[in-house]
Number of protein chains: 2
Amino acid sequence: MSEVTAIGRPRKFEEQTVLAAVMDIFWEKGFEGTAMSDLVEATGLQKGSLYGAFGDKRTLYLKALAFYDETEVALAVDLLSGKCGGYELEAPDAGYLRIAALLQAVIDAVSVKGDRRGCLLCNAAVDQAPLDSATERSVTASLECMEEAFLEAVRAIPDFVASVSEGRRTARHLLSVYFGMRVLAKSGAPVAIMDDAKSGALKGLHPL
Amino acid sequence: MSEVTAIGRPRKFEEQTVLAAVMDIFWEKGFEGTAMSDLVEATGLQKGSLYGAFGDKRTLYLKALAFYDETEVALAVDLLSGKCGGYELEAPDAGYLRIAALLQAVIDAVSVKGDRRGCLLCNAAVDQAPLDSATERSVTASLECMEEAFLEAVRAIPDFVASVSEGRRTARHLLSVYFGMRVLAKSGAPVAIMDDAKSGALKGLHPL
DNA sequence: TGTTTTTTTGACTGATCGGTCACAAATTAT
DNA sequence: ATAATTTGTGACCGATCAGTCAAAAAAACA
């Protein structure tokens with residue numbers, strides 16, 4: 001993992017910390033909207049150090065996307081697939097609750113935390129994926145993770161009488177609702193709209 | 001509407017034509033990703049003419065958004081509210097068919113026409129609405145139009161036993177699915193995923 | 001104490017950015 | 001004609017863009 005002794009002048013920064021700061025800026029401003037000077041300011045590093053350690057702007061963006069996948073996407077996936085605590089995971093309607101919790105988290109990000117940045121994955125899909133194939137690949141991979149996690153949650157809904165293909169269909173439908181809500185959130189839509197989008201989606205999951 | 005005689009040198013361009021070209025570029029590249037030189041190339045006008053006729057880049061963007069609202073959004077709204085022909089509007093399940101047709105149109109834009117630009121409204125919501133209040137207002141207004149149109153379609157579903165508030169909820173849920181599918185389309189998602197998102201959403205509309 | 005290796009630093013580059021402007025061109029009004 | 005008014009044109013502006021580089025600094029070696 002790490003060299004015990006490293007020759008040469010040691011780095012003054014933690015790679016993960018810098019990447020987190022870089023991700024934040026790209027998240028807030030997008031790829032084109034972010035200048036290298038923004039990253040210099042946010043990271044406290046000089047331009048030369050950034051280029052030396054991470055490569056050019058595009059590479060940095062891709063690494064920020066990967067970091068997002070490892071942190072934020074992983075959190076959502078863990079929530080959906082029941083690998084993290086706090087959501088009554090043992091309840092009989094665990095799958096339903098997990099999906100409800102994720103959609104509620106999208107709403108809370110806006111209404112509680114005032115976070116208008118939305119989802120970096122969604123942002124990247126909209127403004128960079130069609131223009132850059134490496135970004136497209138990264139986004140696609142993260143989307144597949146989320147789809148599988150939704151599928152896992154759907155399958156954890158007892159009495160959800162559904163064929164295998166219907167489970168997949170439902171997962172993809174929920175994926176779509178999730179990103180739609182992210183878009184609505186960024187547009188400044190009132191909480192009531194997102195609440196309805198959420199409960200409208202959940203309604204179809206309750207055959208009880 | 002128009003002056004019969006206009007003093008001074010007459011314009012060589014049609015305002016609507018130029019606006020359509022401008023909209024196309026912003027649609028494809030986004031606000032930050034579009035340079036004035038791109039617009040000069042696309043419109044055939046010189047920079048000075050563009051500034052003289054439409055104002056600065058931001059104003060031009062807002063006018064392109066308004067143009068999108070008057071053309072593309074209006075088409076979707078007309079389709080949903082049954083004001084345009086071609087979709088068996090007299091059938092007993094007219095509302096259902098209209099919604100299905102709109103979601104299918106999102107898929108066809110990608111699979112038939114190879115159009116990866118998505119929806120300018122969605123793009124604007126994601127990358128400009130949080131940063132510019134005028135853009136946010138424009139996006140919000142268009143979103144409200146679409147919500148009302150979805151609501152009209154939902155209410156045109158016979159046997160859709162639902163309270164008033166449930167109709168609204170369903171409309172907002174569909175709005176969310178619609179934008180989610182737009183995001184998936186831009187991410188390069190295969191048609192199968194969007195098909196499932198669509199049919200998953202439609203399933204909840206068929207209490208038959 | 002040097003030598004070597006790596007990182008930090010900030011000045012520097014050419015290109016491009018959004019935006020302006022003076023002047024030529026085209027039309028109506030007199 | 002000629003004056004008045006508007007539009008088209010392209011050179012021009014300072015600012016900022018992404019990216020580079022040589023030299024200083026900080027560490028491990030010898």
Side-chain angles (χ1 to χ4, degrees), chain A residues 1-19 21-26 28-65 124 127-128 131-132 134-135, chain B residues 1-19 21-26 28-65 124 127-128 131-132 134-135:
Chain A
M1 180 76 76
S2 58
E3 294 290 326
V4 178
T5 54
I7 199 158
R9 178 171 174 172
R11 283 189 172 161
K12 288 199 300 191
F13 62 91
E14 201 82 29
E15 193 154 325
Q16 301 286 296
T17 309
V18 169
L19 226 37
V22 167
M23 178 188 72
D24 277 335
I25 302 297
F26 278 131
E28 179 190 339
K29 303 191 170 193
F31 179 77
E32 300 281 3
T34 297
M36 291 306 295
S37 59
D38 294 325
L39 301 177
V40 165
E41 187 185 7
T43 61
L45 298 192
Q46 295 293 340
K47 208 184 286 196
S49 298
L50 279 172
Y51 276 92
F54 301 99
D56 67 5
K57 189 186 178 187
R58 187 111 247 160
T59 308
L60 205 38
Y61 183 71
L62 290 170
K63 286 182 176 170
L65 275 186
D127 63 27
Q128 287 301 309
L131 306 174
D132 178 68
T135 301
Chain B
M1 179 72 79
S2 59
E3 294 289 326
V4 178
T5 55
I7 199 159
R9 178 172 172 171
R11 283 191 173 162
K12 288 198 299 189
F13 61 89
E14 199 81 30
E15 194 153 325
Q16 301 286 296
T17 309
V18 169
L19 226 38
V22 167
M23 177 188 73
D24 277 335
I25 302 297
F26 278 131
E28 179 190 338
K29 302 191 169 191
F31 178 76
E32 299 281 3
T34 297
M36 290 306 295
S37 58
D38 294 324
L39 301 178
V40 166
E41 188 185 6
T43 60
L45 298 193
Q46 295 293 341
K47 208 186 285 195
S49 298
L50 279 172
Y51 276 92
F54 301 100
D56 67 6
K57 189 186 176 185
R58 187 111 246 160
T59 307
L60 206 36
Y61 183 72
L62 291 170
K63 287 183 175 169
L65 274 186
D127 63 28
Q128 287 302 309
L131 306 173
D132 178 68
T135 301

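Within every chain, numbering begins at 1; the chains are lettered A, B, ... in the order of the sequence lines, protein sequences first and strands thereafter. Values below: every heavy atom of this structure, side chains too, minus hydrogens, waters and symmetry copies.
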Among the nucleotides [options], which one has an atom lying closest to any side-chain atom of [X]?
| X | options | answer |
| --- | --- | --- |
| B:R9 | C:dT8, C:dA26, D:dT20 | C:dA26 |
| B:R11 | D:dG8, C:dG18, C:dA26 | D:dG8 |
| B:Y51 | D:dC17, C:dG19, D:dG19 | C:dG19 |
| A:I7 | D:dA28, C:dA29, D:dA25 | D:dA28 |

Could you tell me how far apart [X] ([atom1]) and [N] ([atom2]) are, to the nearest whole angstrom?
| X | N | atom1 | atom2 | value |
| --- | --- | --- | --- | --- |
| B:D56 | D:dA15 | CG | P | 19 Å |
| A:K29 | D:dT16 | NZ | P | 13 Å |
| A:F26 | D:dA18 | CZ | C1' | 11 Å |
| B:I25 | C:dC17 | CD1 | P | 13 Å |
| A:K57 | D:dT16 | NZ | P | 15 Å |

For [N], does OP1 or OP2 lie under 4.0 Å from any side-chain N or O of [X]?
| X | N | value |
| --- | --- | --- |
| A:S49 | C:dT8 | yes |
| A:Q46 | C:dG10 | yes |
| B:K12 | D:dG8 | no |
| B:S37 | C:dC17 | yes |

* Along DNA chain C (nearest heavy atom to each residue), the more 5'-positioned of B:D38 and A:F13 ->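 Result of the comparison: A:F13.
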* Asked: Between A:L50 and B:E32, which is nearer to the 5' end of DNA chain C once each is assigned its nearest nucleotide?
  ->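 It is A:L50 whose nearest nucleotide is closer to the 5' end.
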* Can you check whether any acceptor in the base of C:dG19 is under 3.5 Å from a donor in the side chain of B:K47, or vice versa? =>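 By the distance-only test, yes, there is a pair.
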* 5' precedence on DNA chain D between B:A53 and A:G8 (nearest-nucleotide basis) ->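 It is B:A53 whose nearest nucleotide is closer to the 5' end.
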* Distance from A:F54 atom CZ to A:L45 atom CG, nearest 0.5 Å? ->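 These two atoms lie 7.0 Å from each other.
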* Atom pair CG/CG of A:L60 and A:L39 - distance to nearest 0.5 Å ->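 Here the rounded value is 6.0 Å.
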* To do: Quick one: label B:G48 by what it contacts on the DNA or RNA (base, sugar-phosphate, nothing), any heavy atom closer than 4.0 Å.
  => base
* Yes or no on side chain to side chain contact (heavy atoms under 4.5 Å, CB included) for B:V22 and B:F26, after CA distance, side-chain angles and deciding distance? -> CA-CA 6 Å; B:V22 167; B:F26 278 131; 3.5 Å; yes
* Asked: side chain to side chain contact (heavy atoms under 4.5 Å, CB included) between B:E32 and A:F31: does it pass, once the steps are laid out?
  -> CA-CA 9 Å; B:E32 299 281 3; A:F31 179 77; over 6 Å; no
* Asked: Side chains of B:L19 and B:K63: closer than 4.5 Å at any heavy-atom pair?
  -> yes
